[in-house]
Amino acid sequence: MNYARFRVKSYSPRLPCQSIVAILREMNSLLLTGGRVVDPANQFDSIADVLLLDGKISAVGSNLSLKTAAEIERFDVSGMVVTPGLIDLHVHLREPGQTAKENIASGTAAAARGGFTSVVCMPNTSPAIDNAGTVALIHERAEREGVVNVFVTGAITKGIAGEELAPIGGLKKAGIVAITDDGHCVQNNDLMRRACEYAKMFDLPVMDHCQDYGLVSDGVMHEGYWNLALGLRGWPSTGEEMIVARNILLAELTGTKVHCQHLSSAGSVALIRDAKKRGIPISGEACPHHYTLTDAAVAGSEKFWKEDGKDLAVFQGATPPQWPAYDTHFKMNPPLRTAADREAILAGLVDGTIEILCSDHAPHAGYEKEVEFDYAPFGITGLETELALALMQLVHTKRLSLATMIAKYTVNPARFLNLAKGTLRVGADADVTVIDLDREWVFNREDSVSKSKNSPYFGWKLKGKAVATIVGGKKVWTAAA
Ligand SMILES: [Zn+2]
């Protein structure tokens, strides 16, 4: 469709009324009125209208209603917050190969429901995203079946086996936005150094799941008091910190941007804080489970609420959610750690050490999780709850301003991955999220649209919710009032 011709003609007074309406509809236009617009990329935080025209941000300002053709659809968002479309840079869509857990259609539907207009999918699919053909397949399918934008990461090593580099240049040509072996971690430091050098040549950031296999061995939960009490094998914090330290050294050596995924330990935060002060191109991200829960949760809800849940009064409704000991929905990699680690992640988010928020949305089928703790796969879903949990732990508690929190879901990941997203600048893609900060809701299993139901947050009373998700100017999801 050639929109240029409509641009010329759309306001022509000679056109009959009916055709103006038709043209504006074809141009996919929407005027959001009266919301609090929070756009950290442009340091904008004010009540304003936002005009979306032809898939782009056309104007942001006051009283646009008066200046805009009456035929344009109005969307009253007064009392709501309007932000650039949220970006989650750590999502497992499980396609190709593991579509019993999730696929592009269901994963992006969950993203839209959570307020996300863009997701970045991880390459540990089957086969792994280690070749241009698989990248093309995902792009094609996302175009056809996805309801939000899908950006693709490529593997660092062939088959994510940690032995031989993947064709990084070819992957870049195919359109990947970063490389990572997420789910796995390259153990050979020389191979990781070469990966960083190649990535730099192709202007790609490197993301890393930090896990030293020797130290972690077959650990299934944090090594500390609770793994001993429960008789489960420990996954020590050092197992993460060793690789964070390695990545800092390699980022310094090669000058490549290296990003440590899903940070879980106080030691990792301290290492990154110190390295950033020295100007090393290292960064990190945090997921809601690591800044809300602790390892006491593996001992059951009673122990959790008594030991580490006291400070989470904000999470408790009339009855705090209950779960048994050894519940595999509290098994993730890296594992839930201590209350001190949780505080350190929060402190890292507050002082800017951790600039990016994400979910590590990791769907697993029910039959996979319904086994003994030792045998269950690591990971939980997260796209539909992460915004509420971030608002509750960071904004409602006044640890962070709303704008700073939103930056960690918009401009910060966009800049890190060189995406032309995460801003409401005029001319940018019309990706917008509308948020009701105070909406209280309960996350019910039957409301989740992910194919998998492996969330520890079912039954939790949450506060704050995306009420509309707009991609390229089109509402792809709106919440019932
Ligand atoms: Zn991971």
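Read the numbers this way: they start at 1 and go in the same order the structure lists the ligands and their atoms.
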*asked:* Taking 2.8 Å as the distance threshold, tell me the number of protein N/O/S atoms next to the Zn ion (ligand 1).
replied: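 The number of such protein atoms is 3.
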Worksheet item: So do the side chains of E240 and W235 get within less than 4.5 Å of each other, counting heavy atoms only?
Response: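 SC-SC contact between E240 and W235 confirmed.
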Would you confirm whether D212, through its side chain, and I243, through its main-chain N or O, come within 3.5 Å as a donor-acceptor pair?
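Pair absent, no side-chain N/O of D212 close to backbone of I243.
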Self-check item: Positive for side chain to side chain contact (heavy atoms under 4.5 Å, CB included) with K421, one of V411, N149, L86
Solution: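 Filter result, single survivor: N149.
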> Using the ring of each side chain (for Trp, its six-membered ring), is H259 parallel, tilted or perpendicular to F416, with breaks at 30° and 60°?
Replying inline: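 Ring orientation of H259 relative to F416: tilted.
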Problem - Heavy atoms of other groups near K276 NZ, more than 12 under 6.0 Å - result: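 Correct, the count exceeds 12.
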_Candidate pair V434 and V81, rule side chain to side chain contact (heavy atoms under 4.5 Å, CB included), full reasoning_ = CA-CA 6 Å; V434 182; V81 167; over 6 Å; no
